[in-house]
Amino acid sequence: MPLAAPFLLQNTSKMSGVEDAFHKFAVYGDTAASGNEMTGKNFSKMCKECGVMDGKAVTSTDVDIVFNKVKTKGARTITFAEFQQAMKELCGKRFKGKSPEEALQAVYGLIEGKEPGSAGTTKATKVGGVERLTDTSKYTGSHKERFDESGKGKGLAGREDLTDNSGYVGAYKGAGTYDKTH
């Protein structure tokens, strides 16, 4: 009996690692997500990034079919319990030569400790002319008026032209001198 206890302990620690990964992928890309339910898009992303979906034994179609099979009818998300059921469905396809229990542990081993990557996201560039164009301290003329000393934009106040209702043309030098001469 003493041999079963360490295996049980190892199994629960593995499950908490898988559950952490589930929560990280569940909230990915959705600020309002609680992390308790995962969408099909995030489930597919998780399978792809963790190596469950290999493109040969397990394809994106297989992942979509299993997702729709385990979720409750009419729902758009799956819970962690439904996720475990989905992994049981996929592990047999992914690891054909292993027993169901070994295959499930192998799939959990792929998922454990992983978090969503951000491959393909656009990074801000500072190459060449872009840095000069975005440096507000180098702006001249009317554009300089739109920013304060720290480089922060003034908003509408920086773009607003104040109208002069004095009755004189804009560039007239002798404005206000009529009463003095007549």
Side-chain angles (χ1 to χ4, degrees), residues 1-131 133-136 151-153 155-156:
M1 194 68 182
L3 292 173
F7 175 71
L8 191 64
L9 184 66
Q10 178 194 13
N11 197 18
T12 55
S13 70
K14 185 167 276 211
M15 285 314 293
S16 67
V18 171
E19 201 164 353
D20 286 345
F22 174 83
H23 291 300
K24 286 176 183 172
F25 276 94
V27 298
Y28 181 78
D30 185 6
T31 54
S34 64
N36 297 328
E37 295 184 328
M38 184 183 283
T39 62
K41 180 184 74 148
N42 288 6
F43 180 69
S44 184
K45 179 180 179 61
M46 181 182 205
C47 290
K48 187 179 287 178
E49 288 189 9
C50 294
V52 177
M53 183 193 311
D54 62 352
K56 293 182 184 92
V58 179
T59 63
S60 60
T61 308
D62 295 325
V63 170
D64 291 341
I65 289 169
V66 167
F67 179 82
N68 286 313
K69 188 175 177 183
V70 298
K71 74 178 176 66
T72 45
K73 199 158 192 79
R76 294 174 165 262
T77 57
I78 58 170
T79 62
F80 186 66
E82 291 167 333
F83 166 77
Q84 289 175 304
Q85 184 61 40
M87 287 299 115
K88 286 178 186 166
E89 300 265 341
L90 288 173
C91 72
K93 288 187 75 113
R94 179 68 169 88
F95 297 101
K96 283 190 171 86
K98 296 186 176 183
S99 71
E101 184 59 33
E102 286 177 332
L104 188 62
Q105 291 304 318
V107 166
Y108 285 158
L110 291 173
I111 295 169
E112 188 181 19
K114 293 278 184 10
E115 51 186 65
S118 52
T121 55
T122 308
K123 306 261 188 300
T125 182
K126 291 279 186 189
V127 179
V130 176
E131 195 168 329
L133 290 171
T134 56
D135 185 5
T136 58
K152 188 165 171 35
L156 188 60

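Residue numbers count from 1 along this sequence. As the structure is a prediction and not an experimental result, all values here were calculated from the model.
In this structure a side-chain-to-backbone donor-acceptor pair under 3.5 Å is missing from R94 to M87. K98 places no side-chain N or O within 3.5 Å of a backbone atom of E102 that could act as its donor or acceptor partner. Side-chain N or O atoms of E112 include none that pairs as donor or acceptor with a backbone N or O of G109 at under 3.5 Å.
If you look at F83 and F80, their ring centroids are closer than 6.0 Å.
Looking at heavy atoms from C-beta onward, M53 lies in side-chain contact with S60 at the 4.5 angstrom threshold. You'll find the side chain of Y108 reaches within 4.5 Å of the side chain of Q84, heavy atoms only. You'll find the side chain of T79 stays beyond 4.5 Å of the side chain of K71, heavy atoms only. Counting only heavy atoms from C-beta outward, the side chains of R76 and T39 never approach each other to under 4.5 Å. At a threshold of 4.5 Å between non-hydrogen side-chain atoms, the residues M38 and T77 do not count as touching.
Results of the side-chain contact (heavy atoms from CB on, under 4.5 Å) test with T61 over V58, I65, V63 single out I65 as the only residue that passes. With K93 as the fixed residue, the side-chain contact (heavy atoms from CB on, under 4.5 Å) test singles out one of V66, D62, V107: D62.
Taking CG of N42 as the reference point, atom CZ of F67 lies at 9.0 Å (rounded to 0.5 Å). Atom CD of residue E19 and atom CG of residue N36 lie 9.0 Å apart, to the nearest 0.5 angstrom. K48 NZ to T59 OG1: the interatomic distance, rounded to the nearest 0.5 Å, is 11.0 Å. Atom-to-atom distance recorded for C91:SG and L104:CG is 5.0 Å, nearest 0.5 angstrom. The distance from the CD atom of Q85 to the CD atom of E82 is 9.5 Å, given to the nearest 0.5 Å. To the nearest 0.5 Å, atom CZ of residue F95 and atom CG of residue L90 are 11.0 Å apart.
Heavy atoms of other residues, nucleotides or ligands lying less than 6.0 angstrom from NZ of K24 number more than 12.
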